[in-house]
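Below is one structure, written out as structure tokens; the observations come after it.
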Amino acid sequence: MKKFLTAAALASLATSAQAEDVTLQLKWVTQAQFAGYYVAKDKGFYEEEGLTVTIKPGGPDIAPEQVIAGGGADIITTWMPAALAARERGLPLVNIAQPFKEGGLKFTCLKDSGVETTADFPGRTLGVWFFGNEYPFYAWMAKLGLNTDGAEGGVTVLKQAFNVDALLQKQADCISVMSYNEYGQVIDAGISEDQLVTFTYKDEGVGVLEDGLYVLEDRLADPAFVETMAKFVRASMKGWKYAEANPDEAAEIIVENDESGAQRLEHQQYMMSEVAKLTAGSDGKLDPADFDQTVATLLAAVSPDNPAITKAPEGMAWTHAVTDIALK
Amino acid sequence: MIWLVGAVLVWLGAWALNVRLAASAFGRTRAGRLAVATLFGITLLVLWEGLVRGLAVSPIILPGPSVIGPKIAASLPTLWADFVQTVVKGALSGFAIGTAAAFVAAIAIDRSPFLQKGLLPIGNFVSALPIVGLAPVLVMWFGFDWHSKAAVVVVMVFFPLLVNMVAGLQATDPLHRDLMATYSASYPQRLMKLRLPAAMPFFFNGLKIAATLALIGAIVAEFFGSPIVGMGFRISTEVGRLGLDMVWATIAVAALSGSALYGLIALIESRVTFWHPSQRK
């Protein structure tokens, strides 16, 4: 009887611990870009922390900032420029962890088109992703002093679909690619690396922080929420490190969890191996120097047409409060 | 709270006023009918503003008219450029090509049972293609500029017009056909004097449906690659930037253009099919 009571008490303890529900809204569809979260869920790392985590995949028509503003998620992954833009527009998002140390956004050109360096850009047609992903590009063009409105001496900008057709069809001289996704698609399409000239945003001095974890500022006033987030970040980073060490298993987990059924294992394995290079340098804690570089990049290109932010972010745009507990 | 109560009070007051206006002698004049409609529109805007302010809705979810209005005024050059790109170049040119193609195809189908058996099912098939599947392919074929958007519009408007037109051409009265036969009218004569006029009410029905489809098609097609101008580009980009005021400004322009296009078609219809019972005053 006593044993039974203890068991019951333990069980009730366990259920009260499980009462911590966390909903995560991803920036994009289920793919290895988010391997850490799926691995943490699949391998039970969240459960060990007493969390019940729901992962909502995103897509081309989903802005995570809008989802969190509407109360559809507790925490989101997004790029820092989009988060800072949201902050300036009255949605106080706070970076609580930064699993991506490096950015995967690149810019690739066909050598055939004659582009060798950035000096060859004037008069070219360049493919850019919008929907909040355009800020680094505009910062870069501002840095190079190239206008983007199609006038003489500038560049023509295309809103590129989320694929590489524009380059393959030669509709654009250069396109945006993610190192872990579209770059592989270009290679898969039969174009070898030495036929391409690829620019990395960070090397061009316009790097921005990509996938970070963001929550709403007012919720951080609640210590219980900070505690829950610390558990979430700890388990997520454990997931990321596991995924880096076991890329093939992580890719399988992604394909299993992909409800759309659109992901292929080989492509996810490729993506995982590339994403691992970006996350390897991070223990989850945001490096303030990276934050400053992102802000400097964005402020370099303030114009009425492309306002990511118009002034340095005010208030608490990032905090170590969560990672300090998580990494203790 | 005061906004909430105020908005509801304004709404109830305007409602009561509108009921009295509509019942009065003034309500039966042209100006009266216009006043009733305008009052209704203003009430909706006041209610919207009141709810947004009263319930403290974040401008990222839904901005109020007081934010959207100044945004429209401040962005007129951008909105105009988007309008020209999407409505004039994309939607209207596609609409014209699609309409002309459907018109000719319908006459050909009507003339030949062979085509009727072959072309109509193909038209049916094409209309069932989802736009999200078609648009990326057409962008690949016709490039990023408005040509691919016009192509999407052509595909979208072709079928509703074709079906209406084919039905219209078959809608002649047997007595009228007999009369034409007793005159020993030739095919062109029968077509021009009897069958095309009889088909016009159907044709305009199709046009009205196609007008809204054309606008939807042109806007949605821009989601799949476009130059950096256009209403679809603006909407998808500004949503990503959380510039919901600009999104709503563009939506307002789209709604206005759609209504104007519809109104224009209705006006032409009343001139062309003045003989039809539905046009009697």
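Letters A, B, ... are given to chains in the order of the sequence lines, protein chains preceding strands, and every chain is numbered from 1. Quantities reported herein were computed from a predicted structural model and do not represent experimental measurements.
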Does any non-hydrogen side-chain atom of [Y] lie less than 4.5 Å from one of [X]?
{"X": "A:Phe131", "Y": "B:Thr237", "result": "no"}
{"X": "A:Gln66", "Y": "B:Ile60", "result": "yes"}
{"X": "A:Glu134", "Y": "B:Ile228", "result": "no"}

Part of [X] within contact of chain B (heavy atom distance under 4.5 Å):
{"X": "A:Ala166", "answer": "both"}
{"X": "A:Ala161", "answer": "both"}
{"X": "A:Gln160", "answer": "backbone"}
{"X": "A:Ala82", "answer": "neither"}

Any chance you could measure [X], atom [atom1], to [Y], atom [atom2], to the nearest 0.5 Å?
{"X": "B:Phe144", "Y": "A:Thr156", "atom1": "CZ", "atom2": "OG1", "value": "12.5 Å"}
{"X": "B:Asp245", "Y": "A:Arg89", "atom1": "CG", "atom2": "CZ", "value": "8.5 Å"}
{"X": "A:Gln171", "Y": "B:Phe142", "atom1": "CD", "atom2": "CZ", "value": "11.5 Å"}

Between the main-chain N or O of B:Glu222 and the side-chain N or O of A:Lys159, is there a donor-acceptor pair closer than 3.5 Å? yes
Please give me the minimum heavy-atom distance between A:Ala86 and B:Leu242, naming the atom from each residue.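 Minimum heavy-atom contact is CB-CD1, 3.1 Å.
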